[in-house]
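Heads up, the thing below is written out as structure tokens.
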Amino acid sequence: MKKFKVVVTDYEYPNLDQERRVFENMDVEFVPAQCRTEEEVIEACKDADALLNQYAPISRKVIENLENCKVISRYGVGVNTVDLEAASEKGIIVGNVTDYCMDEVSDHAFALLMACARKVGRLNQEVKNGNWDFKVGMPIYRLRGSVLGLVGFGKIPQMLAEKAQAFGFQVVAYDPFVPQEVAKELNVELMELNQLCEIADYVSVHAPLIESTTGLISDEQFNHMKEKAFIINTARGPVIDEQALIRALKEGKIAGAALDVVEEEPISQDNPLLTMDNVVLTPHIAWYSEEAGEELQRKTAENVADVLSGYYPAYLVNQDVKGKVSLKEKAE
């Protein structure tokens, strides 16, 4: 009998080869599952030593029924599927992968910005429709010297700031949780949200979706924006009040939008955004590259391998659990 049982609660990946490689030299029984409900998770995982989790609910009810679990590792940055308080109470480590897809999302945000700036989508469609006329793209403004405003200034927007600065952008940011000295080191000025909206030519949204950020960008912010400004969102759809955005676009308060995320996904076919020439839409793909997916699977499994080997994982979410477990810090 294997020493440890590791269950994948659910997954959408084509295979689990990365995880198997991580565990191949460990005494592990590796069990893939496709749970959707609390009851299915309990049935599959009640005697598991570790869980790898994508979307299946790891609620308090589930956690209270886990007899041997030492670690829950989530595929991704967010841990909204896991009841952190219940996990900590039971002494279960929760891990995630905080540096997942940073290059991909910052690249995609910049690609959307460029699509707006150079009117790529509109011009492409006009040419395909037989209209060879550059004037349909007017006006287009030079990037160098433009202002990029970042709503949220965590790791991904910090990476985007560096990329944008290479193109000559002045970068400003709004994030009440980031110290001034962090922004200053990156040559970025922190300011209030409405002030950012007033001066930015491009506003790129990177705030996490929590109660205080739901509808963070709404009528008030659009009223502060320049008529030539574009808004880009690669974070979560509800951070922008979608009806306010639609109003701002229809009334010409802003020049356009580029969205990888919307309030309802997949987007409803009667959504007015689908009919607007000045809106670029992609299907929540900013996170994706072949390399990012493989890295996420590997690092999620490595969190589990660390804990089962007696170490704190590289990506520990619930720091308050440290008083309840006897693990060692892993040497750098």
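Computed from a prediction, not measured in an experiment: that's the story for all the values here. Below, each value reflects all heavy atoms present in this structure, side chains not excepted, and no hydrogens, waters or symmetry copies.
The shortest non-hydrogen separation linking His224 to Glu220 is CD2-O, 2.9 Å. Taking each heavy atom of Ala161 and Leu150 in turn, the nearest pair found is CB-CD1, 4.0 Å. Between Leu190 and Pro179 the shortest heavy-atom distance is CD1-O, 3.9 Å. Here the closest non-hydrogen pair linking Pro139 and Lys119 is O-NZ, 2.8 Å. Residues Val304 and Ala50 approach most closely at CG1-CB, 3.5 Å, considering heavy atoms. Minimum heavy-atom separation, Val239 to Ala207: CG2-O, 3.7 Å.
Salt bridge status for Lys184 with Glu189: absent, with no side-chain N to carboxylate O gap under 4.0 Å. Glu24 has no carboxylate O lying under 4.0 Å from a charged side-chain N of Arg20, or vice versa, which leaves the two without a salt bridge. Using a 4.0 Å cut-off between a side-chain N of Lys or Arg and a carboxylate O of Asp or Glu, Lys61 and Glu39 qualify as a salt bridge. The pair Asp103-Lys163 counts as a salt bridge, with a side-chain nitrogen and a carboxylate oxygen less than 4.0 angstrom apart. One finds a salt bridge joining Asp99 and Lys299 here, because a Lys/Arg side-chain nitrogen approaches an Asp/Glu carboxylate oxygen to under 4.0 Å. At a threshold of 4.0 Å, the pair Glu294-Arg298 does not count as salt-bridged, since none of the basic side-chain nitrogens sits closer than that to a carboxylate oxygen. Remark: Asp49 engages Lys70 in a salt bridge, criterion side-chain N to carboxylate O under 4.0 Å.
Here the side chain of Thr234 pairs no donor or acceptor atom with the backbone of Asp260 at under 3.5 angstrom. Panel note: side chain Ser289, backbone Ala292; a donor-acceptor pair is recorded below 3.5 Å. Of the possible polar contacts, none joining the Glu89 side chain to the Val321 backbone as a donor-acceptor pair under 3.5 Å is found. With Gln125 contributing its side chain and Gly121 its backbone, the two residues share no donor-acceptor pair below 3.5 Å. A distance-only check finds a donor-acceptor pair linking the side chain of Asn53 to the backbone of Ala56 [under 3.5 Å]. Although no hydrogens or angles enter the test, the distance criterion places a donor-acceptor pair under 3.5 Å between the side chain of Asn278 and the main chain of Ala255. At least one donor-acceptor pair under 3.5 Å links the side chain of Thr214 to the backbone N or O of Ile210. Looking only at distances, no side-chain donor or acceptor of Asn129 sits under 3.5 Å from a matching main-chain atom of Asn131. No donor-acceptor pair closer than 3.5 Å links the side chain of Asn318 to the backbone N or O of Asp320. A distance-only check finds no donor-acceptor pair linking the side chain of Asn303 to the backbone of Gly95 [under 3.5 Å].
A cation-pi arrangement, defined by a distance under 6.0 Å to the six-membered ring centre and an angle within 45 degrees of its axis, is present between Lys328 and Tyr311.
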Quick one: do Val28 and Lys2 satisfy side-chain contact (heavy atoms from CB on, under 4.5 Å)? Show the steps, please.
-> CA-CA 6 Å; Val28 163; Lys2 295 287 188 180; 5.9 Å; no
Phe169 and Leu143: CA distance, side-chain angles, deciding distance, side-chain contact (heavy atoms from CB on, under 4.5 Å) verdict = CA-CA 7 Å; Phe169 277 92; Leu143 293 180; 3.6 Å; yes
Test log, rule side-chain contact (heavy atoms from CB on, under 4.5 Å), inputs Trp287 and Leu296 | CA-CA 11 Å; Trp287 57 272; Leu296 175 63; over 6 Å; no
Run the side-chain contact (heavy atoms from CB on, under 4.5 Å) check on Leu113 and Ser204 step by step: do they pass?
-> CA-CA 8 Å; Leu113 184 158; Ser204 188; 5.9 Å; no
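Between Ile93 and Lys322, the closest side-chain pair of non-hydrogen atoms is not below 4.5 Å. Looking at heavy atoms from C-beta onward, Val8 lies in side-chain contact with Tyr75 at the 4.5 angstrom threshold. In this structure, Leu160 and His206 have side chains that are in contact, with non-hydrogen atoms separated by less than 4.5 Å. When side chains are defined from C-beta on, Lys90 does not count as touching Lys324, because their heavy atoms never get closer than 4.5 Å. Looking only at side-chain heavy atoms (C-beta outward), Ser309 and Met26 come within less than 4.5 Å of each other. For the pair Asp201/Tyr141, no side-chain contact is recorded, criterion being any heavy-atom separation below 4.5 Å from C-beta on. In this structure, Tyr288 and Glu104 have side chains that are not in contact, with every pair of non-hydrogen atoms separated by 4.5 Å or more. Proximity of Val188 to Phe153: side-chain heavy atoms (C-beta onward) are separated by under 4.5 Å at one or more points.
Atom CD of Glu43 is surrounded by 12 or fewer heavy atoms from other residues, nucleotides or ligands within 6.0 Å. Within a 6.0 Å radius of CD in Glu227, no more than 12 heavy atoms belonging to other residues, nucleotides or ligands are found. No more than 12 heavy atoms of other residues, nucleotides or ligands lie within 6.0 Å of CZ in Arg118, so this atom counts as exposed by the packing criterion.
Of the candidates Thr9, Asn96, Thr81, Thr81 is the only one forming a side-chain hydrogen bond (donor to acceptor under 3.5 Å, both in side chains) with Arg74.
Interatomic distance, CD of Glu242 versus CZ of Arg247, reported as 11.0 Å (0.5 Å rounding). Between atom CD of residue Gln165 and atom CD of residue Gln170 there is a gap of 10.0 Å, rounded to the nearest 0.5 Å. In this structure, Leu273 CG and Ile246 CD1 are separated by 4.5 Å, a value rounded to the nearest 0.5 Å. Here Leu52 contributes atom CG and Tyr11 contributes atom OH; the two are 12.0 Å apart, rounded to the nearest 0.5 Å. To the nearest 0.5 Å, atoms OG (Ser218) and CD1 (Ile240) are separated by 10.5 Å. In this structure, Gln18 CD and Glu302 CD are separated by 9.0 Å, a value rounded to the nearest 0.5 Å.
In this structure, Val182 is a member of the same hydrophobic cluster as Leu148, with clusters built from ILVMFWY side-chain heavy atoms closer than 4.5 Å. In the hydrophobic clustering of this structure, Met191 groups with Ile217; members are Ile, Leu, Val, Met, Phe, Trp, Tyr whose side-chain heavy atoms approach within less than 4.5 Å, directly or through other members. Linking ILVMFWY side-chain heavy atoms closer than 4.5 Å, directly or via other members, places Leu16 and Phe4 in a single hydrophobic cluster. Placement of Leu249 and Met225 within a single hydrophobic cluster is found when ILVMFWY residues are connected by side-chain heavy-atom separations under 4.5 Å, directly or transitively. Both Val203 and Val279 belong to a common hydrophobic cluster when Ile, Leu, Val, Met, Phe, Trp and Tyr are linked at side-chain heavy-atom distances under 4.5 angstrom.
Within the hydrophobic cluster formed by Ile, Leu, Val, Met, Phe, Trp and Tyr side chains joined at under 4.5 Å, directly or through other members, Leu51 is accompanied by Val7, Val31, Val41, Ile42, Ile58, Val62, Ile63, Leu66, Ile72, Val79, Val82, Leu84, Ile92, Val94, Val317.
Within the structure, every pair that satisfies the ring-ring contact (aromatic ring centres under 6.0 Å, His included) test and touches residues 29-60, not counting sequence neighbours, is listed here: Phe23-Phe30. Residue pairs meeting the ring-ring contact (aromatic ring centres under 6.0 Å, His included) criterion with at least one member in residues 100-125, sequence neighbours excluded: Phe110-Phe167.
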